[in-house]
Amino acid sequence: MAAIEVQGLHKRYKATVAVEDVSLTVEDGEIYGVLGRNGAGKSTTVEAVAGLRRPDRGRIRVFGLDPRRDRRRLRQVLGVQLQDAALHSALTVTELVRLYRSFYRDGADPDELIDRVGLAERRRTRFERLSGGEQQRLNIALALAGRPRAVILDELTTGLDPEARRQMWATVEELRDGGVTVVLVSHHMEEVERLCDRVALIERGRVAAVDTPDGLVARAGLEQVVRFRTAAPFDPAVLDRVPEVRSVGTEDGLVTATGGGNLLHAVSTALVRADVTALDTRFERATLEDAFLALTGSPFDRSGR
């Protein structure tokens, strides 16, 4: 059984259609990314999965549970960290984590959670006195308080400095290694490329594409480039029969091969078979952001939800 199944999800707010027709399947134990420009419908989608929004139509199951009908049981298996969560401002970090832990039959150790998200030195600090990044870390700890089988993380590293961001990435990888399914809504391309097993591109309330980060780049058909020099004169005909290579050029001893697919592997294999030694090899490929533009026709908006 898949961890999360969404079929034909539709949600309208008066005259605005937020989600037109979203279907996706998140496998148990994977990190599944959700990417989309501002207003694409990604937050509405994950809020419906969490039971926080009632869809107009469509079917949602989380480990076989209906988020609306089985809300009490859902809370025991699904943790949720939303970007705009509101917490009691006068409670301390420790008090909030212990409060949330009390909602679950078999939750995590509060002190271990606080350490895990890097708030050990702020455990006695009231929520209202935490920085934006610290509040974000606390929200993540609260999402993990019940030892969930799956967790939704909306803008996981918003407000975190680079060191804290990488620490949080390590935490997400630890969750996946421990068998927890992660749905990651993010505007941080490096974050998605590093963490996600698969990514859904949401555009105008629909799923434009689903694949691995590398698969999305390949699907977009964007050009890749391999540059190298050789120890001896090079005959470009060596690469003529390589399907992934579209063109080869040589200038001042620098060979440039352009193409698609797994270009680097294909070129390297062809050179080895021809007994050609490549020097100073450099590989340049399109980014996930380039793929997003090519597959959706819209530039990526980092500023909104």
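Bear in mind that the values here come from a model prediction, so they are computed numbers and not experimental data.
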Heavy-atom side-chain proximity of Ile114 to Thr94 below 4.5 angstrom: yes
Same apolar cluster (I L V M F W Y, side chains within < 4.5 Å links), Val62/Val207: yes
Under 3.5 Å: donor-acceptor pair, side chain of Glu95, backbone of Thr92: yes
Euclidean distance, Thr157 OG1 relative to His188 NE2, rounded to 0.5 Å: 5.5 Å
Spacing of Thr181 atom OG1 and Asp28 atom CG [to the nearest 0.5 Å]: 4.0 Å
Short side-chain to backbone donor-acceptor contact, Arg219 and Asp214, under 3.5 Å: no
Arg61/Glu5 ion pair, N-O < 4.0 Å: no
Table please: side-chain donor-acceptor pairs of residues 235-247 below 3.5 Å, with sequence neighbours left out.
| from | atom 1 | to | atom 2 | distance (Å) |
| --- | --- | --- | --- | --- |
| Asp235 | OD1 | Ala237 | N | 3.1 |
| Ser247 | OG | Thr258 | OG1 | 2.5 |

Residues Glu134, Arg122: salt bridge by 4.0 Å N-O rule: yes
Pairwise side-chain contact, Met168 with Arg137, heavy-atom cut-off 4.5 Å (strictly under): yes
Arg75 to Tyr104 six-membered ring, cation-pi geometry met (6.0 Å, 45°): no
Lys/Arg-Asp/Glu bridge criterion (N-O < 4.0 Å) met for Asp154, Lys42: no
Asp197/Arg176 salt bridge by N-O under 4.0 Å criterion: yes
Flag if over 12 foreign heavy atoms under 6.0 Å of CZ, Arg12: yes
Pairwise side-chain contact, Thr45 with Leu9, heavy-atom cut-off 4.5 Å (strictly under): yes
Hydrophobic cluster identity match, Val22 and Val80, side-chain contacts under 4.5 Å: yes
Heavy-atom donor-acceptor pair, His10 side chain to Glu20 backbone, under 3.5 Å: yes
Side-chain donor/acceptor of Ser268 to backbone N/O of His265, under 3.5 Å: no
Donor-acceptor side-chain pairing of Ser186 and Glu155 below 3.5 angstrom: no
Minimum side-chain heavy-atom gap Leu35-Met189 below 4.5 Å: yes
Tyr32 and Val182, any side-chain heavy atoms less than 4.5 Å apart: no
Within 6.0 Å of CZ in Arg73, more than 12 heavy atoms from elsewhere: no
Residues Arg123, Asp115: salt bridge by 4.0 Å N-O rule: yes
Atom pair CG (Leu288) and CG (Leu293), whose distance is rounded to the nearest 0.5 Å: 11.5 Å
Pair Arg165 + Glu191: basic N to acidic O under 4.0 Å: no
NZ/NE/NH1/NH2 to OD/OE distance under 4.0 Å, Asp21 and Arg206: yes
Heavy-atom check, side chain of Leu87 versus side chain of Asn139, under 4.5 Å: yes
Shared hydrophobic cluster, Leu263 / Leu216 (ILVMFWY, side-chain heavy atoms < 4.5 Å): no
Under-4.0 Å salt bridge between Arg59 and Asp66: no
Value rounded to 0.5 Å, distance of CG in Leu78 from CZ in Phe63: 8.0 Å
Asp161 CG: over 12 foreign heavy atoms closer than 6.0 Å: yes
Heavy-atom check, side chain of Glu284 versus side chain of Gln224, under 4.5 Å: no
Side-chain heavy atoms of Val199 within contact of Pro213, under 4.5 Å: yes
Expected output: side-chain Arg149 to main-chain Val77 donor-acceptor under 3.5 Å: no
Gap separating the CZ atom of Arg98 from the CG atom of Leu91, nearest 0.5 angstrom: 12.5 Å
Spacing of CZ belonging to Arg282 relative to CZ belonging to Phe228, to within rounding of 0.5 Å: 12.0 Å
Worked verdict on Arg285 versus Glu193 for salt bridge (Lys or Arg N to Asp or Glu O under 4.0 Å): CA-CA 13 Å; Arg285 74 173 182 92; Glu193 289 188 283; 3.1 Å; yes
Shared hydrophobic cluster for Val34 and Leu52 (ILVMFWY, side-chain gaps under 4.5 Å): yes
Side-chain ion pair, Arg54 and Glu47, N-O less than 4.0 Å: no
